[in-house]
Structures are given as structure tokens and as C-alpha cells.
Amino acid sequence: MPRRDNDREFARSIRAMLLELMGRHSSALGDFLSELRSEGLMHGRRDEPMGLLDSEAGKKRLLTVEIPAIERYNEGRDPEFRIRLVRQGSNLVLCYRLMPTHNIYELETRLYSSYPIVPPETRVLTPLRHCPHLLEGQTLCLWRQGSSRQNNRWDPARYTCVFAVQAAWRWLACYEIWYDTGEWPLPEAR
Amino acid sequence: MARIVQVGAGSGGMVVLDLLAREPVVTGITLIEPDVYKPHNAARHYFPKEAAGVRKTELARQWLLAFRPDLEVRCLEVDLLSPQAQPEIEEAVASADLGVCAVDNEQAKFHWDALMRKYRKPWTLGEVLSGGIGGFVHLFRPDGPCYGCVASFLKRSVEVDKSAPPDYSQPGGPVYEVTIPASKASISVIASLHALVTAEWLHNPQYDPGFTSVLLALRKVPQVFEEVLRPYRFRIERMRECLFCGEAAQTNAAEDLDVALAQALDRLAHA
Ligand SMILES: [Zn+2]
């Protein structure tokens with residue numbers, strides 16, 4: 001957005017006003033601010049933030065890290081147990097089956113537009129019995145979903161989406177033990 | 001003679017900006033900040049309630065020019081993550097000598113890091129912990145660890161959040177997160193430290209304070225900080241296997257990312 005010609009003059013008046021404000025409050029301030037508003041100088045631009053599928057960093061991450069990891073996982077694997085990657089709007093969804101011991105489970109792991117900074121979300125599509133460490137919609141509780149670095153266990157510098165698949169495998173293995181014994185084998189959801 | 005590019009002019013960013021603008025070595029500043037000043041900002045910011053409704057960039061610009069009329073101030077009233085704004089943001093980064101990051105959202109920090117690495121610019125980051133119990137200042141060199149390396153290291157070695165884990169007894173219950181606001185004093189201490197190391201680095205490109213990250217405890221918190229005003233210095237190395245700056249991520253992606261991505265997605269949709 002090109003700056004208007006009268007911006008400099010405008011800026012000068014803002015500065016004068018601020019300097020005055022630091023000393024005493026001006027009654028003309030209300031008028032001055034409505035003038036600013038009418039000049040359209042009050043609002044910054046906002047649009048949808050860039051994400052996994054529409055930023056250079058996101059595309060590179062997919063091409064150099066995530067897709068090769070999925071391909072390594074699929075290599076030599078029975079087609080029934082391979083990961084399929086499906087695009088859904090601005091998200092990518094990994095669709096796969098796991099068999100930790102004797103049962104087969106259908107799962108999906110969703111990579112949101114904010115992935116890999118925000119952890120992937122894994123849901124078990126096969127109906128499960130209600131158990132600890134299971135959130136609404138049969139979503140697995142695998143990482144503390146806090147938004148700050150300090151309260152979130154997901155590490156985007158070390159984990160790929162296949163790590164989420166392996167974590168789901170471990171979770172299901174725990175689920176089967178819990179199903180048989182009533183005890184969750186790991187103290188914390190992992 | 002240095003130009004800095006700073007993202008964020010919130011309560012901490014404004015302190016950093018103010019202090020850096022007082023350094024004669026700083027001759028130009030580009031400020032990236034999309035927000036408009038709101039009445040509630042007044043409690044922790046430089047400007048009165050009456051300034052509500054004015055862009056933070058405009059307020060900052062006038063503040064700086066009041067004592068540094070010679071300073072060349074450029075304002076980008078855009079969101080750092082806005083796709084449309086990337087060309088002008090990249091241009092600002094390319095023409096700067098050093099970057100200053102004063103935003104507290106992870107997505108933005110990672111994006112800033114990617115921009116800084118792309119243009120090989122040194123940069124600094126200040127972070128105030130929830131409740132103002134302390135804060136970090138980090139220095140990033142173009143060949144050093146990236147923000148991903150640093151975040152990963154700190155995640156594994158430093159615990160500064162003792163908030164309760166999610167409530168598993170109530171699956172499906174609200175996932176709440178408590179961010180306790182920090183006091184203006186805490187914000188100012190960390191922001192001043194941020195400005196201090198940034199200014200030292202601007203004066204001396206070989207500046208090495210003996211750490212890449214420093215954590216300053218501002219309050220005694222059981223099991224987190226046993227002593228008040230104690231610094232913890234970290235010299236964090238680059239992780240060879242880092243998925244942002246390591247070998248795997250350095251492998252040249254295909255020339256045309258969109259074509260390569262479409263092909264790969266097509267392949268994996270039918271795996
Ligand atoms: Zn790294």
C-alpha cells in the first residue's frame with residue numbers, strides 16, 4: 001500500500017499530539033482520532049496466514065522431510081498397511097491401518113495448515129471402548145496441546161508425521177493391554 | 001551505521017525499539033506490526049488510552065522520531081504470516097543488518113527464523129515466560145542453531161512450565177490454557193536485556209557473550225527457579241539432524257516446488 005502524500009504532514013500532527021499527550025491530555029484528542037479513522041490510517045492488513053501447502057517453507061518441509069519419511073515407511077510394506085496421503089482443503093490427512101497385536105485399527109492423522117509447528121492430530125476411526133487418554137471424537141492424547149514452547153511436547157525440529165503414526169501404534173498397544181487388564185501400562189500418554 | 005528490522009511492537013517490542021533507537025549506531029529501523037492500539041494496551045504500553053484505534057507502527061514511529069529525528073523509520077502494517085505481504089517483508093529483511101524478533105507466537109518465530117536464514121541475517125529474540133517469572137534472550141547467527149534447534153534443546157533440558165497436564169479424567173472436557181499476564185516490570189527487564197545484547201552485537205559483529213541463549217529468573221518458583229535474579233546461560237549447538245536447518249532440510253528441493261508437490265501428493269494418494 002503506497003503511503004499517501006499528505007502522510008508526512010499527518011505524521012507531524014500525530015507527533016505534536018503525542019508530545020502534548022505525554023504532558024497533559026488534550027480535549028481535542030477525540031476529534032483528532034476520528035480524523036485519523038476517517039483517513040483510513042487506523043487499520044493494518046490482515047489475511048489468512050500462510051501454511052503448510054501455500055508457503056515456501058511448508059512445501060519444502062513436505063518435499064524434503066515429510067513425504068520421504070512416508071515413502072520410507074511404505075517401502076516394502078503390505079499395501080493394506082501403507083499410509084495414504086490425502087489433501088483436504090488446507091490440511092493433509094494420513095489415512096492408514098495399524099495392527100499393534102491382534103486387532104486392526106483404521107486411523108487418520110491430520111496435518112493442519114499450521115503443521116509442523118502445531119502437532120498433528122490423530123483419530124482412531126475404529127470404534128474403541130471409552131478409556132483414559134482418549135479425547136473427544138476418539139482423538140488420541142499424544143502431546144500436551146499447549147500453544148507455547150514450554151507446555152507442548154511436540155518437537156517439530158525432530159519429529160515427522162511418521163513419528164505420530166508410531167506414537168499411535170504405541171498408544172494402541174497400550175490400549176489393548178488396558179482392554180485386557182484394566183491398567184494403562186505407561187504412566188503418561190505418549 | 002546499521003539498519004534493523006523488527007517484528008512486533010507490543011509491550012516488550014516497544015521497549016526494545018525505544019532502547020535500540022537510542023543507540024547512535026542504529027540509523028534505520030523497519031518495523032513490522034499489523035495491530036491497532038487498543039485501550040487495554042495502555043496498562044503495559046507507552047501510549048495512553050486515548051491513542052486507541054491508531055496503528056502501533058504509527059505510534060511507534062512518532063515516538064522514535066521525537067528523540068531521533070534523523071532515524072529512518074519504515075513501517076510495514078502487515079501480519080508477518082500474510083502471504084501477500086511476503087515480498088515487502090523479504091525486501092525489508094534483505095536490506096537489514098540484523099533482525100529483532102519481539103512476537104510471542106510460535107508460528108511467527110519459526111517463520112522469522114526461516115526468513116533470517118534465507119537472507120543470512122543475524123537476529124535476536126526476547127521471550128517473557130508466563131506470569132513474568134523470567135525470560136529468555138537468544139542470539140542467532142546465520143551458521144548457528146536455528147530456532148527449531150534452540151526450541152528443541154530447551155524443550156528437552158529446561159522445564160519452566162509447571163502448569164497442570166490435561167485432565168484425562170474428563171476426556172472431551174474443555175482444553176484450557178492459562179497464560180498469566182506478566183507485569184510491566186518483568187516485560188521491561190527482559191526487553192531491556194534483549195536490547196542490551198542486540199546493541200552490543202550491533203557495535204561488535206564478533207560479539208560473543210559466552211551464550212547463545214540466556215534465561216533470567218525473575219521470581220522464585222518451586223521446582224522451576226530456586227533463586228531470584230539468577231541467569232542460566234546456554235551455548236546451544238546446531239543439531240545436525242534438525243528438520244529445519246539440518247542436512248535433510250538442506251537437500252535441494254525440486255526446482256518447481258508446486259509441480260513436485262502435486263506429483264508427490266498424487267503418488268501418495270494412491271499408495
Ligand atoms: Zn535447526
Side-chain angles (χ1 to χ4, degrees), chain A residues 1 11 14-15 18-19 21 25 29 33 36-37 41-50 54-57 59-65 67 70-71 74 82-87 114 116-118 130 132-136 141 144-151 153 155-158 160 188-189, chain B residues 33-36 47-48 50-51 53-55 58-59 61-63 65-66 77-79 81-86 106-107 110-111 114 129-130 148-149 151-152 154-155 160-161 163 165-166 168 171-172 175 177 239 241-244 248-249 251 253-254 257-258 260-261 264-265 268-271:
Chain A
M1 185 165 58
I14 295 178
R15 177 161 34 155
L18 282 170
L19 289 172
L21 268 171
H25 289 263
L29 193 68
L33 291 174
L36 269 178
R37 275 182 205 100
L41 278 173
M42 307 290 273
H43 300 287
R45 276 180 275 162
R46 281 233 189 260
D47 31 49
E48 278 300 298
M50 284 183 303
D54 57 7
S55 70
E56 194 182 314
K59 291 175 200 170
K60 277 193 172 162
R61 168 84 177 205
L62 286 170
L63 282 167
T64 61
V65 174
I67 288 169
I70 295 175
E71 284 179 328
N74 283 349
R82 284 182 196 160
I83 298 170
R84 262 188 326 118
L85 189 61
V86 180
R87 186 178 181 156
S114 44
I117 314 308
V118 167
H130 181 67
H133 311 296
L134 189 61
L135 303 176
E136 197 171 7
C141 185
R144 279 172 75 177
Q145 307 267 318
S147 63
S148 81
R149 187 179 70 228
Q150 285 84 25
N151 60 14
R153 264 204 224 113
D155 185 346
R158 293 192 304 147
T160 72
E188 282 185 278
Chain B
E33 167 65 66
D35 285 351
V36 161
F47 310 106
E50 287 79 0
V54 182
R55 282 183 199 145
E58 201 52 48
L59 293 168
R61 183 150 75 123
Q62 299 317 316
W63 178 273
L65 292 178
E77 292 95 5
V78 295
D79 194 306
L81 297 169
S82 151
Q84 287 81 354
Q86 294 312 302
E106 286 299 294
Q107 197 87 23
F110 274 98
H111 183 60
L129 297 173
S130 177
C149 293
S152 177
L154 294 174
K155 217 183 263 281
V160 289
D161 186 330
S163 59
Y168 295 124
V175 178
E177 188 176 1
M239 285 197 299
E241 68 283 14
C242 172
L243 298 179
F244 292 97
T251 336
L257 291 177
D258 292 312
L261 189 57
L265 290 180
L268 282 171
H270 305 102

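To find a chain, count down the sequence lines: A is the first, B the second, and so on, and within it residues start at 1.
- Contact annotation for Q107(B): both backbone and side-chain heavy atoms come within less than 4.5 Å of a heavy atom of chain A.
- Heavy-atom distances place no part of S55(A) under 4.5 Å from chain B, backbone and side chain included.
- Only the side chain of N74(A) comes within less than 4.5 Å of a heavy atom of chain B; its backbone N, CA, C and O stay farther away.
- Of all the heavy atoms in A157(A) and S152(B), the pair that sits closest is CB-CB, 4.0 Å.
- Every residue meeting the side-chain contact (heavy atoms from CB on, under 4.5 Å) condition with T160(A), not counting sequence neighbours, appears here in chain and number order: V65(A), E66(A), A69(A), V162(A), L243(B).
- Proximity of R61(B) to R55(B): side-chain heavy atoms (C-beta onward) are nowhere separated by under 4.5 Å.
- The closest side-chain heavy-atom distance from L268(B) to E71(A) is below 4.5 Å.
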